[in-house]
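See below for the structure under consideration.
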Amino acid sequence: MASSTPPPHYTLTTSKPYENHHFHHLQNHHQRNQRHNHPWTSQKVSLHRSSQTQPTQNAAKPPTPGPTTTTTTAPLSRNSNFPSLSSSKSELAADFSGRRSTRFVSKMHFGRPKTASTSRHTSTAEEALQQAVRCSGDDKCIDNILRSFESKLCGVDDYTFLLRELGNRREWSMAIRCFEFAIRREKRRNELGKLASSMISILGRLGKVDLAKKVFDDAVKEGYGNTVYAYSALISAYAKSGYCAEAIRVFETMKDSGLKPNLVTYNALIDACGKGGADFRRASGIFDEMLRNGVQPDRITYNSLLAVCSGAGLWDTARSLFSEMVYRGIDQDIYTYNTLLDVACNGGHIDVAFEIMVEMTTKNILPNEVTYSTMIRGCAKAGRLDRALSLFNEMKYVGIKLDRVSYNTLLGIYASLGMFEEALNVGKEMESIGIKKDVVTYNALLDGFGKQGMYDKVKELFLEMKSEHLLPNLLTYSILISVYSNGGLYWEATVVYREFKQQGLKADVVFYSKLIDALCKKGLVESSALLLDEMMKEGIQPNVVTYNSIINAFGQSETTECAADGESQIDHSPLMVLEDVAESKTEDTEQDRIVNIFEQLAADKSCHATIDTRGGQEILCVLGIFQKMHELNIKPNVVTFSAILNACSRCSSFEEASLLLEELRLFDNQVYGVARGLLMGDRANVWVQALSLFDDVKQMDSSTASAFYNALTDMLWHFGQKRGAQLVVLEGKRRHVWENTWSDSCLDLHLMSSGAARAMVHAWLLNIRSVVFEGHELPKLLSILTGWGKHSKIVGDGTLKRAIEALLSGMGAPFRVAKCNIGRFISTGAVVAAWLRESGTLKVLVLQDDRTHPPETMRIDHVSNFQTLPL
DNA sequence: ACTTAGAGCT
């Protein structure tokens, strides 16, 4: 059976110093190659419209802080030798700054077998511990126990043992009492220092970073806290709570006070970058610094760097790091592999992930429950439920016990798919083996039921979790509020929001983004703008996800918001509303503004004005959003590009679309070049760049990639570039962007946008036609699947089906809706073959570009200006 | 005495 705690693999680093020169040579070579493969990446223009003085490829990067990372002449500088790791390739990934819910959950020291050399406590300490855990909840009790054992407890080792074990049992307040008891009885500074750094570490693991800081400050004040151990522990404590900036500040303070950071300090700091969602360059800079200071990285250093890649979605960087590790002779361990798998899965490279899993097994690093739940999540994310489930079976088969996370992962998959019976059964199974449902379990259920609009079930579950004495967390409230907003149940949303505030919880960027997205999806752009403003007032920086949601809202407003107080607002363009809000007088600071927004929505719900008063002004609102993104230096990602392309598809005029495309140009010249080239019918010249762009997109996870193809095709189709649309779709098919969509008997369109699907239908029928004309027989039954619309990223219910229905009947294609499945069009092979043989059929199948929007017109309008701008 | 992996946003 695979052990969850394999024996440590000691690093060989120190005994295998590598050759710097060789190493550098390799990296430079590597870098040059990458540049060569991506000629366009060096043409990126500045993100700042005003400053065209910085046309370098780094202009789009946020400035890297600190003197250590900017000008590096040191021989080992990662900055000058590793830019290929972070900057040349995955521009499309940008910073998702993704965070994990586990970031506050500390991994305790449970089950870590203490080796004989490390267990220096006495059996008296164990006895004291037994008594202490028995009086859980009564803090004073620990004092009595300690007093009764005092004479027999043997020095600091016994006390640190007690602290650690109390920490493992989450008894932080008992641990603090124990700590205070111990320091009162200790005089030696060194021993006091041990107690303090242990205590800081324990509080850090429990997410009690403020308490950790207090212990640290007191220890410094009393003269025993100024040690590298205490500092490292504090840095780690901030890391575990996701406070990267704080961790770095502590690090600076440490250096100022004359202490020399050691390997552990640097490792903790790099870890802070990963957990705090920092740029890879930040971590990379720290790595440089440690090398410059003669501290050799070890396995944990690399594992932590890999974790940074995981957060930033840098699959290629992760691979390079892994090779670098091998090159330096640093052994990999289960952490290395699990983290690498995480990056692979996040990037949608599920097949590579399976290969890696085999590789680790051959190296005798056996997959554990973490490996499996990582892989399972990856499969589910890639839409491969079958593989996910077979991994669960495999897990049972090889004797790895499912733990809390594994169960929650499985339950979450079912819940997210609306398979509630299965989800609830998983819940029962986990409880049957003694794992109680926790907040994560309930969050998954609430989200799943909520997404299906089962509000009664949501209410019931929320009550149930409270009756189980589970404390709802930020995510719970975020889910509930978004679910209710999505359903238009603003009154319920208000109630939940009030409760959330009452609990003293503070919203974060994910909370706001989710809510903004919910409102955007309902076409409530103005309310979203209010929320955006509110979050910034709260000091929470919106990120690219936040902005993508707002861009997505462009042109999607189905209902116009009513003016709140009947008067002036009707005349306001959304842009003006944005400005108004920014300067708004805060008369009622007492009232929560989010509550205001909800109450307004709840009151307005009944009065849907059907006339869209925005007209062409909405474009100004969206342009304003882009302006803000530039100002805040928020890097767009591939989702942003898809959103812009989709917005173009919703434009009624070419001119509007040109304004949006101009924004695309300012963001990314490569994507712009391809989109514009294809739109102009300039396929011959732009196709090489298009292929290179598609290579980059393929790095993304499958749904992100297909969304991009969908968006690009839709835009081309919308503006009559149907052959270009078809070319893109076929390229997507060739690259398996939409899974297996195509056979002689069946065309599955359910993951495609309507433009992509239509272009695909033409291509498929042409293909079938050539089968017929080659003299082969068609399958008995032919079917075209459109699904129900719920999988599609941009198409609402039934839109795809209607589009295909219209297309087929327009062509006179003899397909009919299947009786048993309204998402399927069917026909018999014989009937279709007869139709394909008709003389007029070929003409309707071959796509022609629609010249209602001749490219000439466009060249006059805007495009000529684009070309004269300096790049 | 201090350090590393899996469950939340488009």
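Order of the sequence lines sets the chain letters (A, B, ...), proteins ahead of strands, with each chain counted from 1.
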Checklist entry - What nucleotide, of dT4(B), dA1(B), dC2(B), holds the atom closest to the side chain of A233(A)? => result dC2(B)
Checklist entry - Rounded to whole angstroms, how far apart are CG on D333(A) and C1' on dT3(B)? => result 13 Å
Item to check | Side chain of R164(A) - closest among dA7(B), dC9(B), dA1(B) | outcome: dA1(B)
Next on the checklist: Taking atom types as they are modelled, would you say the side chain of T339(A) forms a donor-acceptor pair with the base of dG6(B) within the 3.5 Å cutoff?
Outcome noted: no
Checklist entry - Out of dA1(B), dA7(B), dC9(B), which nucleotide sits closest to the side chain of R404(A)? => result dA7(B)
Next on the checklist: Hydrogens and angles aside, do S649(A) and D714(A) bring a side-chain donor and acceptor to less than 3.5 Å of each other?
Outcome noted: no
Checklist entry - Can you name the residues that form a side-chain contact (heavy atoms from CB on, under 4.5 Å) with R189(A), not counting sequence neighbours? => result Y224(A)
Checklist entry - Whole Å only: how far is the CZ atom of F322(A) from the C1' atom of dA5(B)? => result 14 Å
Next on the checklist: Looking at dC2(B), I'd like to know if its phosphate oxygens (OP1 or OP2) sit under 4.0 Å from a side-chain N or O belonging to K194(A).
Outcome noted: no
Checklist outcome for this item: To the nearest angstrom, the CD1-P distance between I400(A) and dA5(B) comes to 19 Å
Checklist entry - According to a strict under-4.0 Å criterion, is R377(A) in side-chain N/O contact with OP1 or OP2 of dG6(B)? => result no
Item to check | side chain to side chain donor-acceptor pair (under 3.5 Å) involving S406(A) - partner list, sequence neighbours excluded | outcome: D403(A)
Next on the checklist: Would Y229(A) count as stacking on dC2(B) if stacking means ring centres less than 5.5 angstrom apart and planes tilted under 30 degrees?
Outcome noted: no
Checklist outcome for this item: Here the distance between atom P of dA7(B) and atom CG of L341(A), to the nearest Å, is 13 Å
Item to check | Presence of donor-acceptor pair under 3.5 Å, side chain of S197(A) and base of dC2(B) | outcome: no
Checklist entry - Rounded to whole angstrom units, what separation is found between the CG atom of L411(A) and the C1' atom of dG6(B)? => result 16 Å
Next on the checklist: Just the rounded figure in Å: distance from P of dT4(B) to CG of D331(A).
Outcome noted: 20 Å
Checklist entry - Across the strands shown, which category fits V228(A) at heavy-atom distances under 4.0 angstrom: base, sugar-phosphate, nothing? => result base
Next on the checklist: What residues from residues 263-273 of chain A pass a heavy-atom cutoff of under 4.0 Å to DNA chain B?
Outcome noted: V264(A), N267(A), D271(A)
Next on the checklist: From CE of M430(A) over to P of dA7(B), roughly how many Å is that when rounded to an integer?
Outcome noted: 15 Å
Checklist outcome for this item: Picking from dG8(B), dA5(B), dT3(B), the nucleotide nearest the side-chain atoms of N368(A) would be dA5(B)
Checklist outcome for this item: By side chain to side chain donor-acceptor pair (under 3.5 Å), D447(A) pairs with (sequence neighbours left out) K451(A)
Checklist entry - Centres of the Y477(A) and F511(A) rings: under 6.0 Å? => result no
Checklist entry - Hey, does S406(A) reach any base, or is it just sugar-phosphate, or nothing, if we go heavy atoms under 4.0 Å? => result base
Next on the checklist: Among dA1(B), dG6(B), dT4(B), which nucleotide has an atom closest to any side-chain atom of N190(A)?
Outcome noted: dA1(B)
Checklist entry - What does G193(A) touch in the nucleic acid at a heavy-atom separation under 4.0 angstrom: a base, only the sugar-phosphate, or nothing? => result base
Checklist entry - Quick one: which of dA7(B), dA1(B), dC9(B) gets closest to the side chain of V440(A)? => result dA7(B)
Next on the checklist: Centre-to-centre under 6.0 Å for Y337(A) and F322(A), is that the case here?
Outcome noted: yes
Next on the checklist: At less than 4.0 Å, is any side-chain N or O atom of S310(A) found next to OP1 or OP2 of dA5(B)? Yes or no.
Outcome noted: no
Checklist entry - When the distance from CZ of F392(A) to C1' of dG6(B) is rounded to whole Å, what number comes out? => result 11 Å
Next on the checklist: Just to be sure I understand the rule, does D517(A) reach a base, reach only the sugar-phosphate, or reach nothing, if contact means heavy atoms closer than 4.0 Å?
Outcome noted: sugar-phosphate
Checklist entry - What does N262(A) touch in the nucleic acid at a heavy-atom separation under 4.0 angstrom: a base, only the sugar-phosphate, or nothing? => result base
Checklist entry - What nucleotide among dA5(B), dG8(B), dA7(B) has an atom nearest to a side-chain atom of V370(A)? => result dA5(B)
Next on the checklist: According to side-chain contact (heavy atoms from CB on, under 4.5 Å), who are the partners of N408(A), at least two apart in sequence or on a separate chain?
Outcome noted: R404(A), M430(A), D438(A), V440(A), T441(A)
Checklist entry - Does any N or O donor sit under 3.5 Å from an N or O acceptor when you compare the side chain of S373(A) with the base of dG6(B)? => result yes
Checklist entry - Taking the side chain of L474(A) as heavy atoms from C-beta outward, which of dT4(B), dG8(B), dA7(B) is closest to it? => result dG8(B)
Checklist entry - Is the ring centre of F392(A) less than 6.0 Å from the ring centre of Y372(A)? => result no
Item to check | Selection from dG6(B), dA7(B), dA5(B) that lies nearest to any side-chain heavy atom of D403(A) | outcome: dG6(B)
Checklist outcome for this item: For N338(A), the side-chain contact (heavy atoms from CB on, under 4.5 Å) test, sequence neighbours excluded, returns I334(A), L341(A), M360(A), N368(A), V370(A), T371(A)
Next on the checklist: So if I take every side-chain heavy atom of T227(A) and compare against dG6(B), dA1(B), dC2(B), which nucleotide ends up nearest?
Outcome noted: dA1(B)
